J.: 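After the structure tokens below, expect a handful of questions from me.
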2 protein chains.
Amino acid sequence: MKHFGPHVRNLRETLRKQDRRYSLRQVAARIGVEPAYLSKVERGEVAPPSEATTVKLAHELDQDADVLLAMAGKVSSDLQAIIRKRPQVFAELIRQLKLAPDHAVLRVVREVREGEW
Amino acid sequence: MKHFGPHVRNLRETLRKQDRRYSLRQVAARIGVEPAYLSKVERGEVAPPSEATTVKLAHELDQDADVLLAMAGKVSSDLQAIIRKRPQVFAELIRQLKLAPDHAVLRVVREVREGEW
DNA sequence: TTTCATGTGTCGTATATAGTATACATATCG
DNA sequence: CGATATGTATACTATATACGACACATGAAA
């Protein structure tokens with residue numbers, strides 16, 4: 001998605017109002033990238049970072065990693081690994097649920113969690 | 001996976017016993033790559049091809065594209081797109097079903113298909 | 001037997017990915 | 001006011017991805 005950068009900037013600046021340690025430079029340092037790079041990322045001048053960096057950023061900003069990865073146009077590699085182990089089953093599942101409303105999908109999740117298999 | 005190439009070679013050579021149009025060169029031509037490249041792919045000398053090329057190859061060899069993509073270490077981009085639209089819901093679903101046996105997952109698929117939402 | 005097809009070896013390349021390093025102008029704080 | 005912190009502009013780079021082009025030796029077919 002195109003608005004990954006600005007969204008990150010919003011999150012960071014919101015946090016900053018409460019805590020001045022959320023400057024671009026300090027966040028960059030904590031997630032292990034150069035400030036100049038994070039600056040370009042936040043302004044959308046470059047593509048979103050790698051999965052690893054995006055996940056660190058999500059934790060830093062107290063966000064759901066899967067959501068931030070999605071905004072970065074990615075799907076976390078552990079989910080991909082699960083799918084790749086049983087491609088047919090999971091492909092069918094996901095395509096089948098493509099149009100299902102959230103509550104229907106979540107009902108399935110709950111049913112499975114209550115383990116009736 | 002490491003055995004993508006040899007597996008493709010097996011499939012192709014099996015088909016070839018029935019139909020001599022399944023030479024490496026002819027298959028390469030039909031899927032739109034150079035023979036030298038397909039040769040290297042089949043021997044695992046280079047990484048598996050792109051998603052697009054892998055899908056063409058799957059069709060050519062009458063295989064399930066998702067399965068061949070999985071062997072190539074990939075997840076098809078249309079599945080990824082579905083996940084990215086609702087990352088939290090699908091992430092939870094997939095992680096929840098990680099350890100569920102196939103028949104349990106497929107039961108879910110069937111239930112959903114019979115549309116009770 | 002010559003011709004044609006087949007598989008492969010070698011070299012090169014365009015594009016994307018994921019950043020680093022340095023320098024600099026402005027803002028802020030003590 | 002001076003020191004320090006902040007965001008950004010510019011230039012550069014290393015590695016991966018995904019192939020193409022060409023030449024060549026061998027095998028099968030006509």
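These figures come from a predicted structure and were not determined experimentally. Each chain gets a letter, A, B and so on, in the order its sequence line appears, and its residues count up from 1.
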J.: Could you state the atom-to-atom distance from CD of B:E45 to P of C:dC11 in whole Å?
T.: 12 Å
J.: Detail all sub-3.5 Å separations between protein N/O atoms and N/O atoms belonging to nucleotides 11-16 of chain D.
T.:
{"residue": "D:dA11", "atom": "N6", "partner": "A:K40", "partner atom": "NZ", "Å": "3.2"}

J.: Once you apply a heavy-atom cut-off of 4.0 Å, does B:R20 come out as touching a base, just sugar-phosphate, or nothing?
T.: nothing
J.: Counting any heavy atom closer than 4.0 Å, what does B:V33 reach on the DNA or RNA strands: base, sugar-phosphate only, or nothing?
T.: sugar-phosphate
J.: Would A:L97 and A:V67 show up in the same hydrophobic cluster when neighbours are defined by side-chain heavy atoms closer than 4.5 Å?
T.: no
J.: Mapping A:Y37 and B:S39 to their closest nucleotides on DNA chain C, which lands nearer the 5' end?
T.: B:S39
J.: If you check the B:P49 side chain, which of C:dA18, D:dC19, D:dG7 turns out closest?
T.: D:dC19
J.: For A:E34 and D:dT10, what is the distance between atoms CD and P respectively, to the nearest whole Å?
T.: 18 Å
J.: Does A:K40 have any side-chain contact (heavy atoms from CB on, under 4.5 Å) partners at least two apart in sequence or in another chain, and if so, which?
T.: A:R43, A:E45, A:V46
J.: Out of C:dA18, D:dC19, C:dT8, which has the shortest distance to the side chain of B:R43?
T.: C:dT8
J.: Kindly state which residues belonging to residues 21-32 of chain A come within less than 4.0 angstrom of DNA chain D, counting heavy atoms of the residue only, listed by number.
T.: A:S23, A:L24, A:R25, A:Q26
J.: Given side chains that start at C-beta, do those of B:I94 and B:I83 come closer than 4.5 Å, heavy atoms only?
T.: yes
J.: Strictly under 3.5 Å: I want the nitrogen or oxygen pairs between protein and nucleotides 28-30 of chain C, one per line.
T.:
none

J.: What pair of heavy atoms forms the shortest contact from A:A65 to A:A58, and how long is it?
T.: CA-CB, 3.7 Å
J.: Between NZ of A:K85 and CZ of A:F90, what distance do you get to the nearest 0.5 Å?
T.: 10.0 Å
J.: Check B:A47 against B:V41 and note the closest heavy-atom contact, atom names and distance.
T.: O-CG2, 4.2 Å
J.: What's the CD-C1' distance between B:E42 and C:dT8, to the nearest Å?
T.: 12 Å
J.: Along nucleotides 25-30 of chain D, 5' to 3', which nucleotides get a B, which get an S, and which get a -, given that the test is a protein heavy-atom distance under 4.0 Å?
T.: ------
J.: Measure the shortest side-chain to side-chain distance between A:L93 and B:L93 over non-hydrogen atoms and say whether it is less than 4.5 angstrom.
T.: yes
J.: With sequence neighbours left out, write down each residue that passes side-chain hydrogen bond (donor to acceptor under 3.5 Å, both in side chains) with A:D102, or none if nothing qualifies.
T.: B:R86
J.: Applying a 4.0 Å non-hydrogen cut-off, can you work out what A:P35 is touching in the nucleic acid: base, sugar-phosphate, or nothing?
T.: base
J.: Measure the NE2-CG distance between A:H7 and A:L61 for me, rounded to the nearest 0.5 Å.
T.: 9.0 Å
J.: Could you work out, with side-chain contact (heavy atoms from CB on, under 4.5 Å) as the rule, every residue matching A:E92, not counting sequence neighbours?
T.: B:L106, B:V109, B:R113
J.: Listing request: all side-chain hydrogen bond (donor to acceptor under 3.5 Å, both in side chains) pairs with a residue in residues 51-66 of chain A, at least two apart in sequence or in separate chains.
T.: A:R30-A:E60, A:S50-A:T53, A:E51-A:S77, A:D66-B:R95
J.: Members other than B:V55 in its cluster, when Ile, Leu, Val, Met, Phe, Trp, Tyr link by side-chain heavy atoms under 4.5 Å?
T.: B:L69
J.: Tell me whether the side-chain N/O atoms of A:S50 come closer than 4.0 Å to OP1 or OP2 in C:dG19.
T.: yes
J.: List the atom of A:P48, the atom of A:A72, and the distance in Å for their closest heavy-atom pair.
T.: CB-CB, 3.6 Å
J.: Walk me through whether B:V75 and A:L79 qualify under side chain to side chain contact (heavy atoms under 4.5 Å, CB included).
T.: CA-CA 10 Å; B:V75 170; A:L79 292 179; over 6 Å; no
J.: Indicate whether OP1 or OP2 belonging to C:dT6 is found under 4.0 Å from a side-chain N or O atom of B:R12.
T.: no
J.: Let's see if you get this right: which residues in residues 57-65 of chain A place a heavy atom under 4.0 Å from DNA chain D?
T.: none
J.: Show every side-chain hydrogen bond (donor to acceptor under 3.5 Å, both in side chains) that has at least one partner inside residues 10-28 of chain B, sequence neighbours left out.
T.: B:R12-B:E42
J.: Could you tell me which non-hydrogen atom of B:F4 sits nearest to which non-hydrogen atom of B:P49, and how far apart they are?
T.: CE2-CD, 3.6 Å
J.: Of the options C:dG9, D:dT8, C:dA18, whose atoms approach the side-chain atoms of B:A36 most closely?
T.: C:dG9
J.: What residues form a side-chain hydrogen bond (donor to acceptor under 3.5 Å, both in side chains) with B:Q88, not counting sequence neighbours?
T.: none
